[in-house]
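This report refers to the structure that appears directly beneath it.
In this text the structure is predicted, and so the values were computed from the model without any measurement.
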Amino acid sequence: MLPSFIGKFFVLYFVCIIVGLIFNALVAVAINVDAKARDLKSATLYSVLAFFFPLIVGIVYGVTRNNAQKNDHPKLCQSCNITVDANAYACPKCGNTNLAVWANPNADSQMKKSVKIFIVAVVIYVIGSIAASGIAISSFMDIANDPDSFDSEIDEFINRIDDADDYYDLDDDSDYYDKNGNSYDDLEDVLYYDNNGNTYKHYYYIGESSKECFVNTKTQEQLPASNCFVDEQGFFVFISDTSALKQSEDDYVVYQDKNGKTYYLASYAIWNAEGKLIV
């Protein structure tokens, strides 16, 4: 679970991202609907650009939409009822200059729909901004009231990032290590050692059951991963009955028995190059 202060900042970040995406999408749709109502050639281009730059494109569109180039549609001669080229000034058959220009019969309703979509976009943006401001103010007030807790949670968060970096071993040539510091390129090749000299390998999926398990490299016995742990010395331990184990409230991979001995889920056990357990 993320620390409370940092958790609020993550919520704030995602609220801003989601509200921003929704606003951009709605503005793009509104412009697209309005541009189609006006029969503009650049309707698609306007809407695509509006998604990425809603403010700038919205202003440009509002200024230029009345003079933008429209699609070419054939005209209709009202004298002999034949279609005439869009650029013609007179009917080639009868010479009539009274040519009907194509008009979108749904233009008015589409423009009204565009306005409604834009209003919804603005409302969502305002509500999202208010929510984000509330979260930000609450976060800064919490920090001001308890700066020590904030500092400690920042340190904890940084430590978790460092642990994740150690987990994936991003800075070393070899990806994974075992208890003895031996290096491996593949996680499934890492050996787990118990106190009796047996070794095990971790498989996420094996056989037709596709169940995660640990396999004894000598006997090929398969042990369910949920019952496999490593102790504080890094030795592999199989516990058939886990009902007596108590899961830590702070870290879901940590368990303790009734005697206070600590165990870690073997599925999450990782060692560094010195053979130190860094769960």
Side-chain angles (χ1 to χ4, degrees), residues 1-3 5-7 9-11 13-14 17 151-257 259-279:
M1 183 175 64
L2 285 173
F5 295 118
I6 298 175
F9 281 113
F10 272 100
V11 171
Y13 173 77
F14 284 113
I17 292 294
D151 290 339
S152 63
E153 290 187 3
I154 287 293
D155 291 338
E156 178 187 351
F157 185 65
I158 292 174
N159 289 336
R160 290 192 179 190
I161 294 176
D162 290 340
D163 289 344
D165 183 71
D166 288 336
Y167 183 94
Y168 292 105
D169 197 26
L170 299 178
D171 298 325
D172 296 321
D173 293 332
S174 298
D175 289 334
Y176 307 101
Y177 299 92
D178 65 16
K179 179 181 179 298
N180 296 330
N182 299 315
S183 63
Y184 303 86
D185 292 328
D186 193 329
L187 182 60
E188 290 190 351
D189 291 333
V190 175
L191 292 177
Y192 297 74
Y193 307 88
D194 66 14
N195 272 313
N196 299 317
N198 298 309
T199 57
Y200 303 82
K201 286 187 177 182
H202 181 203
Y203 293 93
Y204 287 98
Y205 302 100
I206 188 169
E208 296 180 357
S209 62
S210 296
K211 291 184 178 179
E212 183 182 6
C213 65
F214 284 80
V215 177
N216 186 308
T217 58
K218 183 177 181 180
T219 65
Q220 299 303 305
E221 179 184 10
Q222 298 179 14
L223 305 174
S226 58
N227 297 83
C228 297
F229 301 83
V230 295
D231 61 20
E232 293 178 283
Q233 288 72 45
F235 286 107
F236 179 88
V237 180
F238 175 73
I239 301 177
S240 57
D241 183 9
T242 60
S243 61
L245 296 179
K246 182 179 180 181
Q247 189 177 27
S248 171
E249 296 180 357
D250 299 324
D251 196 332
Y252 67 94
V253 304
V254 180
Y255 291 76
Q256 283 190 331
D257 63 16
N259 298 318
K261 188 173 181 179
T262 300
Y263 297 92
Y264 308 94
L265 279 175
S267 300
Y268 295 88
I270 293 293
W271 292 265
N272 61 18
E274 288 72 40
K276 179 183 176 182
L277 189 65
I278 54 173
V279 172

Quick check: closest heavy atoms across Cys228 and Leu223, and the distance to 0.1 Å?
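Answer, listing the atom of Cys228 first, then Leu223: SG-CB, 3.7 Å.
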Please tell me whether [X] and [Y] have a donor and an acceptor in their side chains that are separated by less than 3.5 angstrom.
X	Y	result
Asp250	Ser248	no
Asp178	Tyr193	yes
Glu212	Ser267	yes

Between [X] and [Y], is any pair of side-chain heavy atoms under 4.5 Å apart?
X	Y	result
Lys201	Val190	no
Tyr176	Asp186	no
Leu191	Tyr184	yes
Pro224	Phe238	yes
Val230	Trp271	yes
Tyr203	Val215	yes
Ile270	Leu187	yes

Set of ring pair (Phe, Tyr, Trp, His ring centres under 6.0 Å) partners for Phe214, sequence neighbours left out
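Phe214 satisfies ring pair (Phe, Tyr, Trp, His ring centres under 6.0 Å) with Tyr192, His202, Phe236 only.
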With ring-ring contact (aromatic ring centres under 6.0 Å, His included) as the criterion, how do Phe14 and Phe9 come out once you've worked through the C-alpha distance, each side chain's angles and the decisive distance to 0.1 Å?
CA-CA 9 Å; Phe14 284 113; Phe9 281 113; over 10 Å; no
Is the Phe229-Tyr255 ring centre distance short of 6.0 angstrom?
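Yes.
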Other residues, nucleotides, ligands: >12 heavy atoms within 6.0 Å of Tyr13 OH
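Not more than 12 within 6.0 Å, no.
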Gln247 side chain to Tyr252 main-chain N or O, any donor-acceptor pair under 3.5 Å?
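Yes, the answer is positive, given that a donor and an acceptor are paired below the 3.5 Å cut-off.
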Mark yes or no for whether Asp194, through its side chain, and Gly197, through its backbone, hold a donor-acceptor pair below 3.5 Å.
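Present.
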